[in-house]
Asker: 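Mind looking over this structure? Questions follow.
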Amino acid sequence: VAKSADVADTVDNGLNYLHIDGNHSSEGAVLDAWSYLPKMSIGGLVLVDDTTPGDKNAFADGVMCAVAIVERFCDLAEDHGTWRVYRKVR
């Protein structure tokens with residue numbers, strides 16, 4: 001078992017799917033986004049969980065920092081409230 005950022009260098013480019021739902025801190029979520037988004041294929045899907053800002057039962061405030069990074073590379077495809085799906089376009 002390893003932390004996702006620790007194994008990012010072992011993952012090849014061309015990922016078609018990324019699910020961000022690990023460390024819900026701002027630092028952890030942002031590190032996951034920066035570690036894996038550059039490895040994503042154009043058109044690939046990114047699912048981000050716990051995206052309800054201010055939800056006391058979730059960790060959305062930290063996750064929303066990662067969402068800001070995801071939105072630099074991706075367009076929102078679906079918003080399900082507590083989770084969102086993005087498509088990488090740049």
Side-chain angles (χ1 to χ4, degrees):
V1 176
K3 293 182 179 182
S4 62
D6 293 342
V7 297
D9 289 339
T10 68
V11 176
D12 294 331
N13 291 340
L15 293 175
N16 292 311
Y17 178 75
L18 174 63
H19 187 137
I20 298 178
D21 183 25
N23 182 334
H24 291 82
S25 69
S26 296
E27 290 177 4
V30 164
L31 185 57
D32 283 346
W34 279 123
S35 296
Y36 289 93
L37 280 168
K39 297 176 176 287
M40 294 290 301
S41 298
I42 297 297
L45 298 177
V46 180
L47 188 147
V48 184
D49 195 21
D50 297 323
T51 57
T52 307
D55 184 349
K56 293 178 183 176
N57 296 318
F59 302 92
D61 294 338
V63 173
M64 294 310 288
C65 294
V67 165
I69 294 165
V70 170
E71 290 179 345
R72 293 181 185 184
F73 297 91
C74 305
D75 288 342
L76 181 64
E78 298 178 26
D79 186 342
H80 296 272
T82 60
W83 55 281
R84 298 177 186 177
V85 179
Y86 293 87
R87 184 170 306 277
K88 186 169 182 193
V89 295
R90 48 194 161 274

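Side-chain atoms are counted along with the backbone in the values below, which use heavy atoms only and exclude waters and symmetry mates. What you are looking at is a predicted structure, and each value in this text was computed from that prediction instead of being measured.
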Asker: Output all residues satisfying ring pair (Phe, Tyr, Trp, His ring centres under 6.0 Å) with F73, sequence neighbours left out; order by chain, then residue number.
Answerer: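 W34.
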Asker: Are the side chains of V46 and Y36 in contact, using a 4.5 Å heavy-atom criterion?
Answerer: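 A side-chain contact is absent here, since even the closest heavy-atom pair is not under 4.5 Å.
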Asker: If you measure from OH on Y86 to CG on L76, what distance do you get to the nearest 0.5 Å?
Answerer: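 The distance works out to 5.0 Å.
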Asker: Side chains of R87 and C74: does their closest heavy-atom pair fall under 4.5 Å?
Answerer: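 R87 does not reach C74 side chain to side chain.
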Asker: Can you give me the closest heavy-atom contact between S25 and G28, atom names plus distance?
Answerer: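 Here S25 and G28 meet closest at OG-N, 2.9 Å.
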Asker: Would you indicate whether the side-chain heavy atoms of V63 and I20 approach each other to under 4.5 Å?
Answerer: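 Of all side-chain heavy-atom pairs linking V63 with I20, none is under 4.5 Å.
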Asker: Looking only at heavy atoms, what is the nearest atom pair of S26 and C65, with distance?
Answerer: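 Closest approach of S26 to C65: OG-SG, 3.4 Å.
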Asker: Taking L47 as the starting point, is it possible to reach V67 by hopping between hydrophobic residues whose side chains are less than 4.5 Å apart?
Answerer: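 They do not share one cluster, since no chain of ILVMFWY contacts under 4.5 Å joins V67 to L47.
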Asker: Looking at every non-hydrogen atom in both residues, tell me the closest pair between L45 and M40 and how far apart they are.
Answerer: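 What the structure gives for the nearest pair is O-CE, 3.4 Å.
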Asker: Tell me the closest heavy-atom pair linking E78 and H80, and the distance in Å.
Answerer: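 Heavy-atom minimum between the residues: OE1-NE2, 2.6 Å.
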Asker: Measure from the side-chain N and O atoms of T51 to the backbone N and O of G81, and report whether any donor-acceptor pair falls under 3.5 Å.
Answerer: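 Confirmed, T51 side chain pairs with G81 backbone.
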Asker: Enumerate donor-acceptor pairs with a distance under 3.5 Å from any side-chain N or O in residues 2-17 to protein atoms, sequence neighbours excluded.
Answerer:
{"residue": "S4", "atom": "OG", "partner": "D32", "partner atom": "OD1", "Å": "2.3"}
{"residue": "T10", "atom": "OG1", "partner": "V7", "partner atom": "O", "Å": "2.6"}
{"residue": "Y17", "atom": "OH", "partner": "H19", "partner atom": "ND1", "Å": "3.1"}

Asker: For E71, look at atom CD and say whether over 12 heavy atoms of other residues, nucleotides or ligands are found less than 6.0 Å away.
Answerer: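 Atom CD in E71 is packed in, count exceeds 12.
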Asker: If every non-hydrogen atom of L37 is compared with every non-hydrogen atom of V70, which pair is closest and at what distance?
Answerer: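 That closest heavy-atom pairing would be CD1-CA, 3.8 Å.
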